[in-house]
Amino acid sequence: MSAVTVQRANRTGNFWRIFFVGGLISYRALFYWITPWQYIPTMLAAPLFQILFFVYLGRATGVGSTTFFVVGNSIQICSMSGIYGMTMALANERQFQTLSPILATPANRIALFLGRGLPVLVSGLQTTAFGFLVSALILNFRPSPKALPELALTVLVSTASCTGFGMALGSLGLRARDIWLTANIAYFAMLLLCGVEVPLHQLPGVLQVVAHVLPLTHGIAAGRLLASGHHLGAAWPYIWEELGIGVAWAVIAFLLFRYFEREGRRTGSFDRL
Amino acid sequence: MSTARPLSGEPAIDVADLRRTYRTTTGTLRRHRLEIEAVRGVTLRVEPGELFGLLGPNGAGKTTIIRVLCTLLLPTSGQVRVLGMDVVERPRDVRRQIGYVFGGDRGLYDRLSALDNLRYFADLYALEPRMQRKRINEVLDLVGLQGRGTERVEGFSRGMRQRLHLARGLLHDPPVLFFDEPTIGVDPVGAREVRQVVADLARAGKTILLTTHYMFEADSLCDRIAVIAQGQIVAEGTPQQLKAGVTARTVVEIEAYGVPEQTVARIRELPEVEAVTIEVRDQAQLLTVQASEGSQLTGRLLQLLEGVRVERIAAREPTLEDAYVALVTAG
Ligand SMILES: Nc1ncnc2c1ncn2[C@@H]1O[C@H](COP(=O)(O)OP(=O)(O)O)[C@@H](O)[C@H]1O
Ligand SMILES: [Mg+2]
């Protein structure tokens with residue numbers, strides 16, 4: 001039946017292939033807005049208008065500096081990818097009913113699951129970098145050159161952490177029918193709760209508590225410190241906290257995925273819409 | 001990868017007293033709990049290299065059994081082993097040794113090419129990267145999709161999708177294959193090609209469990225068949241053995257107009273009658289009556305049908321289809 005002898009890949013090699021190659025293939029399969037005429041308007045143009053809107057609103061009303069809004073919004077727009085992209089890259093398995101064939105394979109679940117985050121992370125970085133770049137070009141946003149690598153690190157950590165949060169939504173979407181409603185709420189709630197447009201201390205106490213377990217809140221705080229000339233030392237605690245929150249969300253996401261996999265085998269719910 | 005074999009004498013697929021119930025709820029305000037007994041004590045053994053058919057109508061429990069075997073569903077009770085490995089205790093080892101192919105046009109990544117669909121699964125099945133390309137081309141050839149690999153699946157016909165499902169299930173060259181209604185919705189020519197691939201695989205020594213609700217498909221492909229109805233196996237044997245069970249019977253077909261329900265009920269009550277089916281054709285009804293003994297049957301039927309306009313009444317030789325109908329409608 002097979003002239004080609006089927007050989008088994010080495011375990012470590014296979015893990016990383018599922019992580020990198022598999023992650024990219026499944027992203028292409030499941031992320032809707034992948035063609036340029038979908039990607040450019042949703043992942044670049046719309047987020048750019050968000051930055052412009054708030055910066056000019058701030059200038060017109062005199063309530064916040066350009067740095068405040070540029071840093072807050074440029075970092076927050078990574079969640080176009082981190083929330084919507086990540087949710088698609090997991091939850092769309094439902095739409096294609098591909099969850100059964102995937103879970104019938106012996107593939108390592110950590111590689112299978114986490115590998116899907118990498119293209120989302122890269123796309124999120126792209127959106128945020130674009131936001132900062134255009135802000136520098138047309139909004140006169142001028143952080144000190146010394147702060148640039150530190151700001152880049154902050155952006156990387158924030159985007160990763162937002163991706164981890166998106167993974168949790170994506171996991172939920174493997175089970176819940178209307179995850180898009182939740183994703184929409186998450187996106188707009190984060191505009192408010194992560195201190196993107198309003199300083200955190202002006203929010204009611206309960207909302208501040210929620211803000212502290214959400215991704216981006218600490219990353220944005222760190223980014224603002226760095227962009228306004230503070231030392232890295234002042235920003236470090238925020239960066240660490242952002243990283244910790246991101247890792248926690250990714251772990252929660254993976255545990256949810258494993259839980260749904262087990263539940264699915266128990267109740268027979270895979271691929272039933 | 002295809003070297004794993006069960007210990008000698010052990011069946012390749014061993015299902016012992018499998019039961020599976022589903023719990024669902026109905027109603028939005030007042031929730032009603034509902035228990036569906038999809039599989040009610042099924043026992044079957046498939047020997048290495050055998051092509052075994054599970055034949056039954058929709059809802060009989062075929063997919064449930066297959067999904068338990070493929071480690072996608074836990075049994076409610078019972079023991080299920082593949083190549084001697086318990087599907088509950090060693091799901092990952094089982095997954096390496098089996099291929100799962102289901103019918104229908106879902107379950108593929110529409111926006112990817114056939115090649116990319118297979119590339120993804122080649123990694124998920126841990127194929128050595130250097131031989132993946134060759135193996136992917138080989139399975140595409142095998143299912144008759146050579147040259148179509150770079151096309152996106154969204155443009156594929158139902159039959160091509162089904163063949164891609166097949167190719168995916170074969171990638172890692174597993175010794176045991178599960179096919180769940182692999183020709184459902186495929187046109188007759190495409191279905192014949194799918195059956196040909198299944199037959200070739202059987203000839204190459206694979207152990208195959210195939211489900212179908214087409215009598216002739218089971219008849220033409222399988223070494224042995226189990227007929228399943230309402231979650232239970234109602235007959236098992238070679239196609240010849242199953243046919244032998246009905247050759248002694250008589251089948252009478254009646255074409256009539258407006259047969260009252262009480263009359264049908266009275267026909268069913270005749271001691272020699274085993275099964276009655278009714279088909280509506282335009283205004284006429286076609287009653288097929290199977291009986292264990294036929295010498296008096298036609299006369300007795302005409303008696304019961306007094307006052308009904310009977311267009312045609314004729315006895316004929318029983319077919320395997322009749323055997324199947326009798327089995328799945330009984331009880
Ligand atoms: N996940 C599920 N939840 C609830 N009921 C189910 C589920 N899957 C199947 N069933 C029910 O179990 C019975 C057997 O279904 P199935 O195994 O799909 O039969 P078949 O494949 O022979 O058509 C049917 O009554 C079906 O409605
Ligand atoms: Mg079925």
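All heavy atoms count here, side chains included; hydrogens, waters and symmetry mates do not. Chain naming here is simple, since letters A, B, ... match the order of the sequence lines and numbering starts at 1 in each.
Of the two parts of Arg203(B), neither the backbone nor the side chain holds a non-hydrogen atom closer than 4.5 Å to a non-hydrogen atom of chain A. Contact annotation for Ile102(A): both backbone and side-chain heavy atoms come within less than 4.5 Å of a heavy atom of chain B. Tyr32(A) touches chain B through backbone and side chain together, each having a heavy atom under 4.5 Å away. Residue contact with chain A, scored on non-hydrogen atoms closer than 4.5 Å, involves the backbone and the side chain of Tyr120(B) alike. For Asn108(A), the parts lying under 4.5 angstrom from a heavy atom of chain B are both the backbone and the side chain. Neither the backbone nor the side chain of Arg23(B) comes within contact range of chain A; no heavy atoms are under 4.5 Å apart. The contact between Pro91(B) and chain A is made entirely by side chain atoms (from C-beta outward), counting heavy-atom distances below 4.5 Å.
The choice from Gly22(A), Ala107(A), Ala29(A) that makes the most heavy-atom pairs within less than 4.5 Å of chain B is Ala29(A). Counting heavy-atom pairs closer than 4.5 Å to chain A, the top residue among Gln132(B), Arg130(B), His165(B) is Gln132(B). For the set Thr71(B), Leu170(B), Val68(B), Leu112(B), the count of heavy-atom pairs under 4.5 angstrom toward chain A peaks at Leu112(B). No other option in Ser26(A), Ala104(A), Gly264(A), Ala111(A) has as many heavy-atom pairs under 4.5 Å with chain B as Ala104(A).
The environment of Arg148(B) atom CZ is sparse: at most 12 non-hydrogen atoms of other residues, nucleotides or ligands sit within 6.0 angstrom. Arg158(B) CZ: more than 12 foreign heavy atoms inside a 6.0 Å radius.
The CG atom of Leu127(B) lies 10.0 Å from the CZ atom of Arg17(A); values are rounded to the nearest 0.5 Å. To the nearest 0.5 Å, atom CZ of residue Arg106(B) and atom CD of residue Gln95(A) are 7.0 Å apart. The distance from the CG atom of Leu74(B) to the CZ atom of Arg265(A) is 4.5 Å, given to the nearest 0.5 Å. Summarising the geometry, atom CG belonging to Leu108(B) is positioned 10.5 Å from atom CD belonging to Gln97(A); distances are rounded to the nearest 0.5 Å. Distance check, rounded to the nearest 0.5 Å: CD of Glu93(A) to OH of Tyr109(B) gives 3.5 Å. Atom CG of residue Asp173(B) and atom CD of residue Gln7(A) lie 12.0 Å apart, to the nearest 0.5 angstrom.
Nearest heavy atoms, Thr105(A) versus Arg95(B): O-CD, 3.3 Å. Looking at every heavy atom in both residues, Ala9(A) comes nearest to Pro129(B) through CB-CD, 3.9 Å. What you find for Gly268(A) and Tyr22(B) is that their closest heavy atoms are CA-CE2, 4.3 Å.
Between the Glu138(B) side chain and the Val4(A) main chain, a donor and an acceptor come within less than 3.5 Å of each other. In this structure, the side chain of Asp123(B) does not engage the main chain of Asn14(A) through any donor-acceptor pair within 3.5 Å. Listed for the Arg111(B) side chain is a donor-acceptor partner under 3.5 Å among the backbone atoms of Phe31(A).
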